[in-house]
Amino acid sequence: MSDHKLSFTQNRELSWLRFNERVLEEATDESVPLLERLKFVSIFTSNLDEFFMIRVGSLHDLDAMDHGAVDKKSGMTYRQQLGAIYAAVRPLIARKDTVCTGLQRQLSEYGVCELSMDQLEKPEQKYVKQYFAQEIDPILSPQIVDSHHPFPHFVNKVLHVGALLRDKRGEVFGVIPLPASLPEVLFLPGADVRYVKMPDILLSQVEKIFSNYEVVEKTVFCVTRNADITPNDEAFEVDEDFRAQMKKLLRSRTKLAPVRLELGSQVGGRFRDYFCHHLDLTREQVYTTSSPMQMGYVFSLADKLPPTLHSSLTYPPFVPQDAADLEPGESVLRQVLRRDVLLSYPYESMEPLLRLIREAASDPEVISIKITIYRLARRAKLVEYLCAAAENGKDVTVMIELRARFDEQNNIDWSQRLEEAGCRILYGFDGYKVHSKVCLITRKDRSGVSYITQVGTGNYNEKTAAQYTDLSYITADPGIGADATEFFKNLAIGNLEGEYQHLMVAPFSLKKCLIALIDREIAKGGQGYIFLKLNSVTDLDLILKLRQASQAGVRVEMIVRGICCLLPGVEGETDHIQVTSIVGRYLEHARIYLFGREQEELLYISSADFMTRNMERRVEVACPIRSKAAREEIHRIIEAQRMDNTKARRLGADGLYRPVSDRTGLVNCQEVLMRDAAEAAARIQPARQKRPGGSLLRRLLGRRGR
């Protein structure tokens, strides 16, 4: 390791692994319902899959290009980072196995049972054998590997059963891919939720499938491949349609080099080395796990539960509420023209924004709708309304990012649908992803042209709007509207260096503006104040500037859900910086930048994290919040998160997270905001009476002080 490591920074990848450990920690929290705890194990698993596909994959590529390069934050070469990752992941897998086993044991007491084949009762064994004969066996494609049968290509993250086989000629390798058409688990007949994993069924039939061989060893396995595809690195014809390029890239994703091998059981050294040799993997890239390698099925278990069990094993149901400051029977468009609106997901519904687009689609005074789209749900009302607007003769421009990782195919499909309806489709820039969340509605009436602008911290995804905490600001501010108009003009002509009066836009001006705002607080010394709510902090320029602010005495409060390469509380460096992470029922996703106090305060929401890719390789937007009501609502959210001492963990100078020490009156910020949203919605519905005492957050503030 190099001696160039900064004392107040840490490695990005190891920081991310500690965040994912925090996700797994939620699975051990006894205050979380049992089935929800198992979901956290599933989330941990899928997070780790993506980490290997993207981050580990890219480190392998970088090492191949320049193996001597050193990470400035940790002083580690790419190869050293990979070694540290492999070592750090092993205890996490062991922890996952222990947690998963414990949860399955507890769930079995409620009749929710994951069973091995030898645990099945005789009628269940008969049922499984019949299922295998009728549904599985006819679609299997087993093969052996010998001099006449080459070693097969294992598709990324597809489960296989592998076997070491022997006959009179010697040993061969046998493999059976698990067909993609099969479900992950087979539910058994009966009142209880009893199920067996599909790979276990296949594993039990290996002797039958390879009946002309002796089975020496067998196991379930899964190969993880590098999936960090980059369009710029591909050789395309100059005039080839970008949609066609992305389709080629998606096909290539399944063929890239392996970066990890997971085994479902311990195997002998010869068997393991056989895998390593043919997959070009080292032993440290091989992980043995007793828990499922794919756990998407966990989210379907709740649908199988009877109502009494459902309430015992899952979170109490919560439906995103109506926005308290919008009249339900009145046009959203007309209300927004009178006052700004801030929607806070998932506590409030995304429906008002969708209604706004729907109303604009048929409003005779609306002449155009322009929007940037990064991710959409599989079923999207937004697309329907944009198509309707185009069919109604509106000028509809959609900047859709086809390179939104793992959503590429979905976005390709939607882009075709929008184009067919008459929308103008833009695909972005070479080397730059359009990650901003901006919608501009332009109106023209007798008084002239006016704008309604929406800027968000999260995607226009109706599914994740009920799962992620995000902010959506809708304003008729003419200055912001004029900037948004300029923004879309620049997108259309490929100009990344546009100048704006109110919006901060990456990649040209956002980082410069942020540094200037931090300098503004540095000039105040001990009177300076900065609050940041982000998903990740990796950009070294911004880290150095925040360290400078701390050294000047500026108080810096940061709520960072995931990666944080800045280490707080390092003496003489980051003494005045505090970093908190919150992991709970909903994914914390909103980005908030706040500089100064009271009358001098400047408040922004944004789509951008403090990551180099967001600042320099993406089109991002940060929008000032000027409405008094919207500012108060954001402060209320900030205050709830400050007070959280249940899900919050404080990052230390050693890079470890520890529970917040203040345990006077337990506060879960997400539960507080859920209750407040429900109370606020009740106040605007005459049929529901307001609960006494005001909002929960205000009652807490009254008790503990601001």
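Quick caveat, the model's predicted, so the values are computed rather than measured.
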Requested in this report: Evaluate the ring planes of Tyr86 and Phe52, with Trp represented by its six-membered ring, and classify them as parallel (under 30°), tilted (30 to 60°) or perpendicular (over 60°).
Outcome: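 Judged by the thresholds at 30° and 60°, the geometry between Tyr86 and Phe52 is parallel.
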Requested in this report: Check the angle between the aromatic planes of Tyr468 and His589 and answer parallel, tilted or perpendicular using the 30° and 60° thresholds.
Outcome: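 Tilted: the ring planes of Tyr468 and His589 meet at 30° to 60°.
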Requested in this report: Might you work through the side-chain contact (heavy atoms from CB on, under 4.5 Å) test for Phe8 and Asp575, ending with a clear yes or no?
Outcome: CA-CA 10 Å; Phe8 54 92; Asp575 312 67; over 6 Å; no
**Report entry** Step-by-step side-chain contact (heavy atoms from CB on, under 4.5 Å) determination, Val89 to Arg260
**Finding:** CA-CA 11 Å; Val89 166; Arg260 175 181 62 164; 5.8 Å; no
Just by distance, do the side chain of [X] and the backbone of [Y] share a donor-acceptor pair under 3.5 Å?
| X | Y | answer |
| --- | --- | --- |
| His576 | Ser550 | yes |
| Thr646 | Val667 | yes |
| Thr457 | Ser607 | no |
| Asp539 | Asp541 | yes |
| Arg339 | Asp325 | yes |
| Glu521 | Val554 | no |
| His435 | Asn614 | no |
| Asn535 | Asp609 | no |
| Thr224 | Met53 | no |
| Ser581 | Arg561 | yes |

Query raised in the report: Can you name the one residue among Arg375, Gln454, Lys437 that meets side-chain hydrogen bond (donor to acceptor under 3.5 Å, both in side chains) with Tyr460?
Result: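 Single side-chain hydrogen bond (donor to acceptor under 3.5 Å, both in side chains) partner of Tyr460 among Arg375, Gln454, Lys437: Gln454.
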**Report entry** Residue from Glu588, Gln641, Arg675 passing side-chain hydrogen bond (donor to acceptor under 3.5 Å, both in side chains) with Gln670
**Finding:**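 Exactly one option meets the side-chain hydrogen bond (donor to acceptor under 3.5 Å, both in side chains) with Gln670, and it is Glu588.
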Query raised in the report: Is it true that Glu21 and Arg95 have a side-chain N and a carboxylate O under 4.0 angstrom from each other?
Result: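 The answer is no: the pair does not qualify as a salt bridge.
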**Report entry** Check ion pair Glu671-Arg585 (N to O, under 4.0 angstrom)
**Finding:**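 Arg585 and Glu671: not salt-bridged.
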State, to 0.1 Å, how close [X] and [Y] come at their nearest heavy-atom pair, and which atoms those are.
| X | Y | answer |
| --- | --- | --- |
| Gln321 | Ala681 | OE1-CB, 3.4 Å |
| Leu603 | Ile592 | CD1-CG2, 3.7 Å |
| Cys564 | Ser15 | N-OG, 2.9 Å |
| Asn645 | Gly665 | ND2-O, 3.3 Å |
| Thr580 | Ala648 | CG2-CB, 3.7 Å |
| Met295 | Cys100 | CE-SG, 4.0 Å |

Calculate, to the nearest 0.5 Å, the distance between atoms [atom1] and [atom2] belonging to [X] and [Y] respectively.
| X | Y | atom1 | atom2 | value |
| --- | --- | --- | --- | --- |
| Asp654 | Gln10 | CG | CD | 9.0 Å |
| Lys304 | Leu35 | NZ | CG | 13.5 Å |
| Ile93 | Ser291 | CD1 | OG | 7.0 Å |
| Ile518 | Leu544 | CD1 | CG | 10.5 Å |
| Ile637 | His635 | CD1 | NE2 | 11.0 Å |
| Asn47 | Phe40 | CG | CZ | 11.0 Å |

**Report entry** Over 12 non-hydrogen atoms of neighbours within 6.0 angstrom of CZ in Arg379
**Finding:**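 No - once you tally the heavy atoms of other residues, nucleotides and ligands closer than 6.0 Å, there are 12 at most.
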Query raised in the report: Looking at residues at least two apart in the chain, or sitting in another chain, which of them share a side chain to side chain contact (heavy atoms under 4.5 Å, CB included) with Asp29?
Result: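 Only Glu26, Ser31, Val32, Lys647 meet the side chain to side chain contact (heavy atoms under 4.5 Å, CB included) criterion with Asp29.
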Min side-chain heavy-atom separation [X]-[Y] under 4.5 Å:
| X | Y | answer |
| --- | --- | --- |
| Leu24 | Asn20 | no |
| Tyr195 | Pro183 | no |
| Trp414 | Ile373 | no |
| Asp49 | Met293 | no |
| Arg547 | Leu6 | no |
| Tyr473 | Asp340 | yes |
| Leu313 | Leu301 | no |
| Thr372 | Val619 | no |

Can you give me every donor-acceptor pair (side chain of residues 341-355, partner residue at least two apart or in another chain, under 3.5 Å) with its distance?
{"from": "Glu348", "atom 1": "OE1", "to": "Ser344", "atom 2": "N", "distance (Å)": "2.9"}
{"from": "Ser349", "atom 1": "OG", "to": "Glu351", "atom 2": "N", "distance (Å)": "2.9"}
{"from": "Arg355", "atom 1": "NH2", "to": "Glu330", "atom 2": "O", "distance (Å)": "3.2"}

Report task. Carefully, step by step, assess Glu639 and Arg642 under the rule salt bridge (Lys or Arg N to Asp or Glu O under 4.0 Å). Result -> CA-CA 5 Å; Glu639 201 61 46; Arg642 278 188 183 132; 3.1 Å; yes
Requested in this report: Test Asp644 against Asn668 for side-chain contact (heavy atoms from CB on, under 4.5 Å), laying out the working first.
Outcome: CA-CA 5 Å; Asp644 192 300; Asn668 179 325; 4.1 Å; yes
Query raised in the report: For Lys157 and Glu262, what are the C-alpha separation, side-chain angles and deciding distance, and is it a salt bridge (Lys or Arg N to Asp or Glu O under 4.0 Å)?
Result: CA-CA 10 Å; Lys157 285 306 297 177; Glu262 296 173 276; 3.0 Å; yes
Query - Of Leu38, Leu34, Leu107, Leu103, the residue whose pairing with Val112 passes side-chain contact (heavy atoms from CB on, under 4.5 Å) - result: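 With Val112 as partner, Leu38, Leu34, Leu107, Leu103 yield a single side-chain contact (heavy atoms from CB on, under 4.5 Å), made by Leu107.
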Query raised in the report: For Tyr110, which residues count as a ring pair (Phe, Tyr, Trp, His ring centres under 6.0 Å) partner, sequence neighbours excluded?
Result: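 Applying ring pair (Phe, Tyr, Trp, His ring centres under 6.0 Å) to Tyr110 gives none.
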Requested in this report: Return yes if a side-chain donor-acceptor contact under 3.5 Å exists between Arg591 and Ser606, otherwise no.
Outcome: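 No, Ser606 and Arg591 have no side-chain donor paired with an acceptor closer than 3.5 Å.
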Requested in this report: Say whether Gln81 and Asn11, considering side chains only, have a donor N or O and an acceptor N or O under 3.5 Å apart.
Outcome: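 The answer is yes; a qualifying pair exists.
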Requested in this report: Run the numbers on Tyr529 and Glu557 for side chain to side chain donor-acceptor pair (under 3.5 Å), then give the verdict.
Outcome: CA-CA 8 Å; Tyr529 177 71; Glu557 284 187 88; 2.5 Å; yes
Query raised in the report: Checking side-chain contact (heavy atoms from CB on, under 4.5 Å) for the pair Met504/Tyr604: CA distance, chi angles, key distance, verdict?
Result: CA-CA 9 Å; Met504 299 190 294; Tyr604 296 81; 3.7 Å; yes
Query raised in the report: How about Tyr586 and Tyr315: are their ring centres within less than 6.0 Å of each other?
Result: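 No; Tyr315 has its ring centre 6.0 Å or more from that of Tyr586.
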Query raised in the report: Do the numbers put Lys96 on top of the ring of Phe44, so that NZ or CZ is under 6.0 Å from the six-membered ring centre and no more than 45° off the axis?
Result: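 No, Lys96 does not lie over the aromatic ring of Phe44.
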